[in-house]
Amino acid sequence: MKTLLVVLIACAALGCTTKFEENDAQDVQGDDTLQDDALTEGGADGYDIEIEAGAEPAIIIDDTDYQPFFDFTGEWMVLDTSQAYNNRCLYADPRLGTLDTPEATATFNPDLPEAGLYAVFIWWPDGGDRALDAPIFIHHAEGIALRQVNLRINGNQWRRLGVFRFNAGSEGKVVLWDSTTGYTNADAVGFLRINP
């Protein structure tokens, strides 16, 4: 819990505020809204922009994509399941090390065609032995946002992490860490250009 405590202290100091819509990814409590667990640089923690119901990403990075689009560190195993995007994902064992240092990470790195606001989505196969608080770091044009997702529920579909400003090209990324609370799935991340 050291990482979460550091993040919460940083958020309190920076005055982070973020609002989330229905159909966003679930928080660690499992209710219908995400809590504001955003780690920001430059004061940016996402945009409160409504997205059409049922919207899905146009740019998708899957765990089967090769570098530079998908990369990982640490030990991940393959899980074949119909609940995963493209019927396959990777999973990491629960982390046994220190709470503030990941033993396994997965990085989804898109090549975005133009700068602007993008909704960021994630797909995971849920299950009772999955992480309650998988840390997901969104590196965008205005900083880094942290979302913690309960992988035990509401998976098997695209779930929004929020709307963020990205530059064109491949400098933005989404990085998933393993967790101490259960198995972590690295499956797919998607991006949808928003025209507010």
Side-chain angles (χ1 to χ4, degrees), residues 11 14 16-27 32-72 83-90 105-126 134-151 154-177 184-196:
C11 278
L14 293 171
C16 303
T17 57
T18 304
K19 296 181 181 177
F20 298 88
E21 311 164 34
E22 292 180 17
N23 298 322
D24 282 336
Q26 298 295 308
D27 71 353
D32 290 332
T33 58
L34 277 170
Q35 284 193 322
D36 180 27
D37 289 338
L39 172 64
T40 67
E41 295 175 359
D45 60 355
Y47 291 80
D48 183 20
I49 295 175
E50 289 189 23
I51 302 171
E52 181 179 342
E56 293 192 353
I59 299 167
I60 297 171
I61 309 298
D62 188 42
D63 68 288
T64 59
D65 290 322
Y66 297 102
Q67 292 180 341
F69 303 109
F70 178 77
D71 199 7
F72 61 89
Q83 295 180 332
Y85 187 79
N86 285 334
N87 299 315
R88 186 204 115 137
C89 70
L90 301 181
T105 66
T107 301
F108 301 83
N109 188 208
D111 187 4
L112 300 174
E114 58 184 318
L117 296 177
Y118 286 83
V120 179
F121 296 78
I122 187 169
W123 184 296
W124 70 89
D126 57 26
I136 302 168
F137 294 88
I138 300 120
H139 296 247
H140 52 92
E142 298 171 299
I144 303 171
L146 170 63
R147 301 291 182 260
Q148 290 188 297
V149 178
N150 182 349
L151 300 181
N154 300 314
N156 320 320
Q157 61 186 311
W158 287 114
R159 305 290 290 186
R160 288 190 302 271
L161 294 172
V163 176
F164 305 91
R165 186 172 301 282
F166 287 88
N167 293 324
S170 58
E171 76 179 45
K173 61 186 176 181
V174 175
V175 182
L176 172 67
W177 283 14
T184 300
N185 293 127
D187 194 353
V189 168
F191 299 81
L192 178 64
R193 179 84 156 73
I194 302 297
N195 297 308

For a side-chain contact (heavy atoms from CB on, under 4.5 Å) check, start with the C-alpha distance between L161 and I138, then their side-chain angles and the critical distance, and finish with the verdict. CA-CA 9 Å; L161 294 172; I138 300 120; 4.2 Å; yes
Take I136 and V175 through the test side-chain contact (heavy atoms from CB on, under 4.5 Å) and record every step on the way to the result. CA-CA 6 Å; I136 302 168; V175 182; over 6 Å; no
Is any side-chain heavy atom of F70 closer than 4.5 Å to one of L90? yes
R165 side chain reached by E142 side chain, heavy atoms, under 4.5 Å: yes
Under the side-chain contact (heavy atoms from CB on, under 4.5 Å) test, residues paired with A58 that sit two or more places apart: L192
Could I get the full list of side-chain contact (heavy atoms from CB on, under 4.5 Å) partners for N87, not counting sequence neighbours? S82
Any pair counted as salt bridge (charged side-chain N to carboxylate O under 4.0 Å, His left out), so long as it reaches residues 60-71, sequence neighbours left out: D63-R88
Looking only at side chains, do N156 and D126 share a donor and an acceptor under 3.5 Å apart? yes
Kindly indicate, with the supporting measurements, whether the criterion side-chain contact (heavy atoms from CB on, under 4.5 Å) is fulfilled by I51 and V163. CA-CA 9 Å; I51 302 171; V163 176; 3.8 Å; yes
Rounded to the nearest 0.5 Å, how far apart are [atom1] of [X] and [atom2] of [Y]?
X    : Y    : atom1 : atom2 : result
W177 : L146 : CH2   : CG    : 8.5 Å
F137 : Q148 : CZ    : CD    : 8.0 Å
I61  : W123 : CD1   : CH2   : 16.0 Å
Q83  : N185 : CD    : CG    : 9.5 Å
L176 : F72  : CG    : CZ    : 13.0 Å

Under the rule for side chain to side chain donor-acceptor pair (under 3.5 Å), what residues qualify as partners of T105, not counting sequence neighbours?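 So T105 forms a side chain to side chain donor-acceptor pair (under 3.5 Å) with T73.
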Applying side chain to side chain donor-acceptor pair (under 3.5 Å) to Q157 and not counting sequence neighbours gives none
Give every donor-acceptor pair under 3.5 Å between a side-chain atom in residues 108-122 and any protein atom, sequence neighbours left out.
from	atom 1	to	atom 2	distance (Å)
N109	ND2	S170	O	2.9
N109	ND2	G172	O	2.6
Y118	OH	E114	O	2.6

Taking the ring of Y85 and the ring of W158, is the distance between their centroids below 6.0 Å?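 Centroid distance W158-Y85: below 6.0 Å, so yes.
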